[in-house]
Amino acid sequence: MAEAETDRFAIRIAGITVGIRPHYQMIRDICRNYLTKDPEDMDASVSCDDILWEQIQSDREAAREKRPACKFDAGYLETLAVYRKIAENLIDREIFLFHGSAIAYKGSGVLFTAVSGTGKSTHASLWKEAFPDDVIYVNDDKPLIRFDGDVPYVCGTPWNGKHFRGNPVEVPLRAICFLERGTENGVSRIAKRDAWPRMLQQSYHPAGEERFVRLMELLEKMADNTELYALCCRPDREAAILAKKTIYGEKSVVSSEL
């Protein structure tokens, strides 16, 4: 199945050095901005069976959703398999994968999350458009969350979405915004109990009861040390301006509804 293996390399993400022996060139290409010569902390090399399993999983999801299955290039499937292995093992180091689009505004992170197609990437790009000198992309799809004491940090990774928006940085996470489409722009603080179902939905669930319990503990720790917002918005610049003003300026009242 695989081409001749290329040389082993290592990347640095979320403070961890991960070694990879690839089958295909694509995984090295997407990781080029994260390469390091530091000693490896863990191995994330995958087998041909692991790569094939990603296609099987995709086919199963398509069948469940009653849509045509997509056949993916083996190199792309390897990138998925590698990140899955990373996410499975990093939970033991109190690091987890959270689906969303993360930016840094003046050095602190804001993470926009929602179900696919809601407009996470669009809203992040509106911040970049409205505040170009103060905003950088951290990761536009699958950032990692790690902790320094009780402080959560959102971390860039090579797996940063179809627009390839991201940087090899990590910043303290100030806020999580749960997006919904609306005809009017509105943003409000919400309580942890209201955010919890969506936090659980948007996080990667590792296999095994012990690791899943650890994920639950880390999600709770993140929620306890991060501002949580509901953001109902149009896809316009005014939505980004309002969200920034609320998070970094005026205080907002905690709402009991998401």
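- Cation-pi geometry between R214 and F96 is not met: the NZ or CZ atom fails to fall both under 6.0 Å from the ring centre and inside 45° of the normal.
- Looking at H99, E88, K142 one by one, the single match for side-chain hydrogen bond (donor to acceptor under 3.5 Å, both in side chains) with Y204 turns out to be E88.
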When you look at K85 and D50, which way does the side-chain contact (heavy atoms from CB on, under 4.5 Å) test go after all the steps? CA-CA 9 Å; K85 188 168 185 178; D50 293 328; 5.6 Å; no
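- Contact of the L97 side chain with the W159 side chain is not registered, since no non-hydrogen atoms from C-beta on lie closer than 4.5 Å.
- With no hydrogens or angles considered, no side-chain donor-acceptor pair links S125 and Y137 at under 3.5 Å.
- With F147 as the aromatic partner, K221 meets the cation-pi criteria of under 6.0 angstrom to the ring centre and within 45 degrees of the ring axis.
- The side-chain tip of R189 points at the ring of Y229 from less than 6.0 angstrom away and within 45° of straight on.
- Checked against the 6.0 Å centroid criterion, the rings of H205 and F212 qualify as a close aromatic pair.
- Under a 3.5 Å cut-off, the side chain of H23 and the backbone N or O of V46 do form a donor-acceptor pair.
- N160 and N167 are not linked by any side-chain donor-acceptor pair at a separation below 3.5 angstrom, with hydrogens and angles left out of the test.
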Given side-chain contact (heavy atoms from CB on, under 4.5 Å), test L231 with T246 step by step and report yes or no. CA-CA 10 Å; L231 177 56; T246 304; over 6 Å; no
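- To the nearest 0.5 Å, atoms CZ (F98) and CG (L144) are separated by 12.5 Å.
- Checked by atom type and distance alone, the side chain of T226 never pairs as donor or acceptor with a backbone atom of A223 at under 3.5 Å.
- Checked by atom type, the side-chain pair D38/T36 shows a donor-acceptor distance below 3.5 Å.
- With rounding to the nearest 0.5 Å, the separation of CZ in R165 from CD1 in I136 is 14.0 Å.
- Just one of Q55, E61, R60 meets the side-chain hydrogen bond (donor to acceptor under 3.5 Å, both in side chains) condition when paired with Q57; it is R60.
- Between the OG atom in S203 and the CG atom in L219 there is a gap of 4.5 Å [rounded to 0.5 Å].
- Ion pairing between K71 and D59 holds under the 4.0 Å rule for side-chain N and carboxylate O.
- Between D43 and R8, at least one side-chain nitrogen of the basic residue sits less than 4.0 Å from a carboxylate oxygen of the acidic one, meeting the salt-bridge criterion.
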